[in-house]
Each structure stands twice: as structure tokens, then as C-alpha cells.
Amino acid sequence: MKNDVRRLRMEQDLSQGQLALAMGVSRQTINSIETGRYTPSLPLAIALAGFFSQPVEEIFHADTAH
């Protein structure tokens, strides 16, 4: 799954650690989400969407490559 978390985080001049603290997760979790190694739980995806004031579907995109 592709996502825009890194772009959104950088637009707000936040470090991974700062975003992690705001979300109640580890910096490594944020890094893994940004690099596509980890798909967040629905509650975390919703929390990230709320934090960035974006709909979930605007932040997370299905990887349609076959």
C-alpha cells in the first residue's frame, strides 16, 4: 500500500519522532509506514488522517501494480 505520510509530515516540518509521539507509536512504526514495509491498523490510519486533516483514502492508496 502506498501512502503520503512522509510528504504530509515534511510539509508540517515534523520529524518521524514528533509524529510518532503524537500518534502514540514508535518512530520505527512511522518509518515502516512511510517506506511501505508496514500497513497501519485501521485505528492508526484514521488517527493519521485526523492528524493531517485528510480523508484516509487521500493518504493511503492501494498498490495497483500487478
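Because only heavy atoms are used, hydrogens play no part in the values below, and waters and symmetry mates are left out as well, while side chains stay in.
Across all their heavy atoms, His61 and Asn3 have their closest contact at CD2-CA, 4.2 Å. The shortest non-hydrogen separation linking Val56 to Ala45 is CG2-O, 4.0 Å.
Here the straight-line distance linking atom CZ of Phe51 with atom CG of Leu8 works out to 10.0 Å at 0.5 Å rounding. Here Arg6 contributes atom CZ and Gln16 contributes atom CD; the two are 8.0 Å apart, rounded to the nearest 0.5 Å. To the nearest 0.5 Å, the span separating CD1 on Ile46 from CZ on Phe60 amounts to 10.0 Å. Note that CZ of Arg27 is 8.5 Å distant from OG of Ser32, once rounded to the nearest 0.5 Å.
No chain of hydrophobic side-chain contacts below 4.5 Å, direct or via other Ile, Leu, Val, Met, Phe, Trp or Tyr residues, connects Leu21 to Val5.
Residues Gln12 and Gln18 are not in side-chain contact: their nearest non-hydrogen atoms beyond the backbone lie 4.5 Å or more apart. Residues Phe52 and Asp4 are not in side-chain contact: their nearest non-hydrogen atoms beyond the backbone lie 4.5 Å or more apart. With a 4.5 Å cut-off on side-chain heavy atoms, Leu44 and Ile33 count as touching.
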Between Arg37 and Asn31, does the side-chain contact (heavy atoms from CB on, under 4.5 Å) criterion hold? Intermediate values first, please. CA-CA 9 Å; Arg37 292 190 312 259; Asn31 180 269; 2.9 Å; yes
Test side-chain hydrogen bond (donor to acceptor under 3.5 Å, both in side chains) applied to Ser26 and Thr29, step by step: CA-CA 5 Å; Ser26 70; Thr29 296; 3.0 Å; yes
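A side-chain contact (heavy atoms from CB on, under 4.5 Å) with Val25 is found for one member of Leu19, Leu48, Ile30 and no other, namely Ile30.
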